[in-house]
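Sequence lines set the chain letters: A, B, ... in the order given, protein chains first and strands last, and positions in each chain run from 1.
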Protein chains: 2
Amino acid sequence: MLEYLFKHSSHPTVEEIYRNLVPEIPTLSRTTVYNALNLFSEKDLVCEVNVGEKETRYDANTGEHAHFKCNSCGRVYDVWIEKKDWGVESLEGFKIEEKHLYYRGICPRCSRG
Amino acid sequence: MLEYLFKHSSHPTVEEIYRNLVPEIPTLSRTTVYNALNLFSEKDLVCEVNVGEKETRYDANTGEHAHFKCNSCGRVYDVWIEKKDWGVESLEGFKIEEKHLYYRGICPRCSRG
DNA sequence: TTTCGTGCAAATTATTTGCACTCCC
DNA sequence: GGGAGTGCAAATAATTTGCACGAAA
């Protein structure tokens, strides 16, 4: 199937993936992109990322890392933060399965202009 | 305006707010709920919460706290985590404006049954 | 009367679903 | 022929927008 998807990897939305791949595969449809991504994410090859937007982004990087979304340009960055800095390990009575951490602000590119 | 909204506060979606208030205010429309929430969130009276879903939830609690979403029942809880545990304070070249932290897993209610 | 909050209904955007088509065994 | 992956086009869902109406300043 479409393994090529994540050679192009950053934190694309479905729409971006679609646009990037249509030139190479003109027959491609959005449906197929959705299919592929859902399949991948079920198998934990990629993970879904929500940074406060309606559009879901996908990340080829399944390691534990946080994200930074630029409020100015909209880019999403990976940020690697030590696990000890990820908040508490456990909560009274709660079984924690996933932790999600993200920041918003201004990225270096935008703050320099 | 509609201050009553956040006497009912937990972490409602627009739909939930709407349903909760229609009995009291039968003329209410979803549009008004959206208007009110957007206004409130601009003025930082409430904040938007995204816990990996398409629907945006709103939180009357603007203090710095994290969230826990139950994968089983779907409830969203506030969890108060000391700031020191909120990951790094600053990142090389990045201007951090907001931090978002949330967990997913099973809540006490669901793990007991 | 001007302005503001409201609410309907239509538009937009993101995603899902139903079904038909083709390629390969 | 039968199953898989694909893709169109219609359906849903969440949210936004355009406009018109009524109450209060």
Side-chain angles (χ1 to χ4, degrees), chain A residues 1-60 67 69 71 73-76 100 102 104, chain B residues 1-60 67 69 71 73-76 100 102 104:
Chain A
M1 219 216 212
L2 310 171
E3 313 295 307
Y4 9 35
L5 276 182
F6 283 91
K7 284 152 196 151
H8 306 249
S9 57
S10 54
H11 298 108
T13 62
V14 170
E15 194 60 23
E16 285 163 0
I17 296 172
Y18 177 68
R19 295 234 184 90
N20 273 313
L21 288 178
V22 165
E24 295 177 38
I25 314 157
T27 67
L28 186 68
S29 79
R30 258 165 274 259
T31 308
T32 306
V33 179
Y34 281 109
N35 285 341
L37 289 171
N38 288 336
L39 206 78
F40 289 163
S41 106
E42 270 172 38
K43 311 222 167 170
D44 291 317
L45 298 172
V46 303
C47 55
E48 304 184 351
V49 177
N50 272 101
V51 279
E53 300 192 307
K54 39 198 165 187
E55 277 187 286
T56 304
R57 290 167 178 278
Y58 291 86
D59 194 339
H67 294 101
K69 162 104 194 247
N71 281 330
C73 66
R75 279 191 195 82
V76 176
H100 298 269
Y102 71 91
R104 305 183 116 247
Chain B
M1 217 218 214
L2 311 172
E3 312 295 307
Y4 9 35
L5 277 182
F6 284 90
K7 282 152 197 151
H8 306 248
S9 57
S10 55
H11 297 111
T13 62
V14 170
E15 194 58 26
E16 285 164 359
I17 296 172
Y18 177 68
R19 294 235 185 89
N20 272 314
L21 288 178
V22 165
E24 295 177 37
I25 314 157
T27 67
L28 186 67
S29 79
R30 258 165 273 259
T31 307
T32 306
V33 179
Y34 281 110
N35 285 342
L37 289 171
N38 289 336
L39 206 77
F40 289 164
S41 104
E42 270 171 40
K43 310 220 168 174
D44 291 317
L45 297 172
V46 303
C47 54
E48 304 185 351
V49 177
N50 271 100
V51 280
E53 299 191 309
K54 38 198 166 190
E55 278 188 286
T56 304
R57 290 167 178 279
Y58 291 85
D59 193 340
H67 295 101
K69 162 103 198 248
N71 282 329
C73 66
R75 279 192 195 80
V76 176
H100 298 269
Y102 70 90
R104 304 183 116 248

Peer 1: Starting at CG of A:Leu37 and ending at P of D:dG7, how long is that distance when rounded to a whole Å?
Peer 2: 14 Å
Peer 1: To the nearest Å, give me how far apart OH (B:Tyr18) and P (D:dA13) are.
Peer 2: 15 Å
Peer 1: Between A:Asn50 (CG) and D:dA14 (P), how many Å, whole number?
Peer 2: 14 Å
Peer 1: Can you tell me how the ring of B:His100 sits relative to the ring of A:Tyr102, calling it parallel under 30°, perpendicular over 60° and tilted otherwise?
Peer 2: parallel
Peer 1: Remember a base hit wins even if backbone is also touched, and classify A:Thr27 as base, sugar-phosphate or nothing at under 4.0 Å, heavy atoms.
Peer 2: sugar-phosphate
Peer 1: One character per nucleotide, please: for nucleotides 12-18 of chain C, 5' to 3', B when the base has a protein heavy atom closer than 4.0 Å, S when only the sugar-phosphate does, - otherwise.
Peer 2: --SBBB-
Peer 1: Measure the shortest side-chain to side-chain distance between A:Tyr58 and A:Val14 over non-hydrogen atoms and say whether it is less than 4.5 angstrom.
Peer 2: yes
Peer 1: At less than 4.0 Å, is any side-chain N or O atom of A:Ser29 found next to OP1 or OP2 of D:dT6? Yes or no.
Peer 2: no
Peer 1: Do the non-hydrogen side-chain atoms of B:His11 and B:Lys69 ever get within less than 4.5 Å of each other?
Peer 2: no
Peer 1: Within the structure provided, determine whether B:His67 and B:Asp59 are in side-chain contact (heavy-atom separation under 4.5 Å).
Peer 2: yes
Peer 1: I need the B:Thr56 OG1 to A:Glu53 CD distance, nearest 0.5 Å.
Peer 2: 11.0 Å
Peer 1: Mind calculating the distance between CG (A:Leu39) and C1' (D:dT6) to the nearest angstrom?
Peer 2: 13 Å
Peer 1: Can you check whether B:Leu37 reaches B:Val33 side chain to side chain, under 4.5 Å on heavy atoms?
Peer 2: yes
